[in-house]
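Everything on this sheet refers to the single structure shown next.
As the structure lists them, so they are numbered: ligands from 1, and atoms in each ligand from 1. In what follows, residues are counted from 1 in the order of the sequence shown.
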Amino acid sequence: MDPSLLQCAVDLLAPAESVAVLTGAGISAESGIPTFRGPDGFWKGFRPEEVATPEAFARDPKLVWDFYNYRRRLLGQVQPNAAHYALARLEAALPEFTLITQNVDGLHRLAGSRNVLEVHGNLWRVRCTGCGAVFDKPRVSLPELPACERCGKLLRPDVVWFGEMLSEAVWAEAMAATGACDCFMVIGTSALVHPAAGLVWTARQHGARVLEVNLEATPASEVADVSLYGKAREILPDLVARAIEQRHG
Ligand code: OAD
């Protein structure tokens with residue numbers, strides 16, 4: 001990492017009073033969860049239209065549940081990494097902080113982040129296709145076709161599938177935080193899936209400085225004031241520690 005580039009990022013983050021962060025699968029990659037679009041990504045082994053759409057679930061709920069039960073098992077074995085913990089530390093040091101995540105893995109909360117908006121849902125939650133009841137089912141294995149304990153209808157993962165709307169309430173909070181922040185961080189996302197990715201441009205339009213952390217350039221790089229290329233787990237602890245130190249010093 002070029003030290004002067006890192007210092008630019010520190011200078012951008014340190015004075016911020018209100019920070020919003022958008023994270024994607026890349027921040028959890030080093031916890032051992034595959035991303036979606038990389039060479040070993042989920043979408044190389046599974047076709048989204050077969051396992052992550054309402055139509056796929058209507059056609060073959062068992063196949064869809066196989067995919068989500070596989071991901072739940074995987075998630076049961078992993079822990080947050082230093083990048084998740086660094087964001088929790090940053091939150092504790094700032095007056096206004098909102099963590100908007102596309103990830104459904106719950107690792108940000110596990111690392112201690114509090115103000116977390118999970119715009120694509122959560123893998124540990126299930127929702128009834130009949131009565132709409134939502135249940136928390138963390139770290140337990142579910143049957144192949146789980147049924148609602150209230151009405152007996154089929155449960156589905158409480159995540160957002162392709163072609164579905166995001167929760168209006170969660171999205172409104174994400175937009176408000178993005179519009180109000182003076183620094184917007186975009187971390188470990190290909191910035192390809194909208195509407196979440198569009199938050200980067202919203203932040204920019206509202207005058208926020210944009211700071212990106214990713215292995216490689218993405219569409220967000222075009223509007224970022226500073227892009228740091230490398231692993232989030234290696235960059236964020238140092239960036240956050242130095243920004244907090246500079247803020248107090
Ligand atoms: P992607 O798989 O599209 O992108 C992951 C990004 O993380 C890429 O830009 C990588 O370069 C970067 N990356 C990988 N490892 C990294 C590391 N160690 N440190 C920093 N960056 C790293 O995942 P998302 O952008 O999260 O949606 O995908 C967005 C949405 O598409 C997901 O929420 C999911 C998916 O289909 C739904 O399921 C609705």
Side-chain angles (χ1 to χ4, degrees), residues 1 6 9 21-57 64 67-68 70-72 74-75 78-87 99-108 116-125 127 156-167 170-171 174 185-201 211-224 226-240:
M1 173 66 46
L6 182 63
V21 183
L22 174 68
T23 63
I27 196 163
S28 297
E30 282 162 273
S31 289
I33 305 176
T35 60
F36 291 95
R37 294 177 179 76
D40 303 318
F42 279 124
W43 297 153
K44 288 284 182 284
F46 300 88
R47 288 156 58 91
E49 58 276 24
E50 284 173 6
V51 293
T53 65
E55 294 76 22
F57 192 64
V64 174
F67 175 61
Y68 282 92
Y70 159 67
R71 287 177 61 191
R72 285 171 61 96
L74 198 68
L75 187 53
V78 308
Q79 294 298 327
N81 65 58
H84 298 103
Y85 289 113
L87 290 180
L99 209 174
I100 304 157
T101 187
Q102 299 166 89
N103 299 345
V104 294
D105 57 31
L107 291 179
H108 285 301
V116 181
L117 300 174
E118 293 173 317
V119 291
H120 289 168
N122 187 300
L123 207 53
W124 292 130
R125 273 197 321 262
R127 188 166 87 232
R156 58 163 282 176
D158 193 22
V159 299
V160 176
W161 283 327
F162 287 98
E164 292 186 319
M165 303 288 284
L166 310 191
S167 149
V170 175
W171 183 246
M185 298 172 78
V186 50
I187 304 168
T189 175
S190 57
L192 290 171
V193 175
H194 287 261
L199 291 172
V200 184
W201 284 263
L211 169 49
E212 180 181 41
V213 178
N214 200 302
L215 288 184
E216 58 191 22
T218 72
S221 313
E222 288 162 28
V223 288
V226 179
S227 288
L228 301 176
Y229 296 122
K231 293 179 174 173
R233 183 173 58 96
E234 290 169 6
I235 294 172
L236 281 177
D238 197 22
L239 170 64
V240 166

Within the 4.0 Å heavy-atom cut-off, what A29 brings close to ligand 1 is side chain

Starting at CE of M185, measure out to CG of L99 and round the result to the nearest 0.5 Å. 9.5 Å

Side chain, backbone, both or neither: which applies to Q102 and ligand 1 if a contact is any heavy-atom pair less than 4.0 Å apart? both

Test your reading of the structure: does A191 have an N or O sitting under 3.5 Å from an N or O of ligand 1? no

Using 4.0 Å as the upper bound for N to carboxylate O, is an ion pair formed by R156 and E164? yes

Checking side chain to side chain contact (heavy atoms under 4.5 Å, CB included) against E212, which of L228, T218, V200 comes through? T218

My understanding is that only one of F67, F42, W161, F162 makes a side chain to side chain contact (heavy atoms under 4.5 Å, CB included) with V51; could you say which? F67

Min N/O separation W161 to ligand 1 under 3.5 Å: no

Can you tell me which residue and heavy atom of the protein come closest to atom 6 (C) of ligand 1, and the distance to 0.1 Å? G188 O, 3.4 Å

Per-atom contacts, ligand 1 versus E216 - under 4.0 Å to a heavy atom: 11 (O)

Report the relative orientation of the aromatic rings in H194 and W201; use parallel for angles under 30°, tilted for 30 to 60°, perpendicular for over 60°. tilted

Can you confirm, on distance only, whether ligand 1 has an N/O atom lying under 3.5 Å from any N/O atom belonging to K231? no

Can you tell which part of W43 has a heavy atom less than 4.0 Å from ligand 1: side chain, backbone, both or neither? side chain

Within a distance under 4.0 Å of any heavy atom of F36, pick out the atoms of ligand 1 and give their elements. 2 (O), 23 (O), 28 (O), 32 (C), 34 (C), 35 (C)

So does G24 get a backbone contact from the side chain of N103, meaning a donor-acceptor N/O pair under 3.5 Å? yes

Identified side chain to side chain contact (heavy atoms under 4.5 Å, CB included) partner of S31 from the options L75, D105, N81: N81

Numbered in order shown, the ligand 1 atoms found under 4.0 Å of a heavy atom of A232 are 17 (C), 19 (N), 20 (C)

For F162, counting its heavy atoms only, list the atoms of ligand 1 lying under 4.0 Å from any of them. 36 (O)

Considering only heavy atoms, does V160 approach ligand 1 within less than 4.0 Å through its side chain, its backbone, both, or neither? backbone

Out of N214, V104, V186, T35, the nearest non-hydrogen contact to atom 8 (C) of ligand 1 is supplied by N214

Closest to atom 31 (O) of ligand 1 among protein heavy atoms sits R37 NH1, 3.0 Å

Any non-hydrogen side-chain atom of L6 less than 4.5 Å from a side-chain atom of L239? yes

Nearest-0.5 Å distance, CZ of residue F46 to OH of residue Y70: 5.5 Å

Any chance you could measure E216, atom CD, to S227, atom OG, to the nearest 0.5 Å? 11.5 Å

For atom 25 (O) of ligand 1, the protein heavy atom that lies nearest, with its residue and separation: T189 OG1, 2.6 Å

So if I count the atoms of ligand 1 from 1 in the order they appear, which ones are less than 4.0 Å from some heavy atom of G24? 26 (O)

For ligand 1, which atoms have a heavy atom of H120 less than 4.0 angstrom away? 27 (O), 32 (C), 33 (O), 37 (C), 39 (C)

Any idea which protein heavy atom is nearest atom 30 (C) of ligand 1, and the distance to it? V193 CG2, 3.7 Å

Distance to 0.1 Å, residue and atom name: give those for the protein heavy atom nearest to atom 26 (O) of ligand 1. A25 N, 2.8 Å

Winner among S190, G230, G26 once heavy atoms are compared against atom 3 (O) of ligand 1: S190

Determine the sole option in L166, V170, T101 for which the side chain to side chain contact (heavy atoms under 4.5 Å, CB included) test with H120 is passed. L166

Please answer whether the main-chain N or O of L123 pairs with a side-chain N or O of R72 as donor and acceptor at a distance below 3.5 Å. yes

Between E30 and ligand 1, which residue portion shows a heavy-atom distance shorter than 4.0 Å: side chain, backbone, both, or neither? side chain

N214 (side chain) donor-acceptor with T189 (main chain) under 3.5 angstrom: yes

To which protein heavy atom is atom 15 (N) of ligand 1 closest, and what is the distance rounded to 0.1 Å? L215 CD1, 3.5 Å

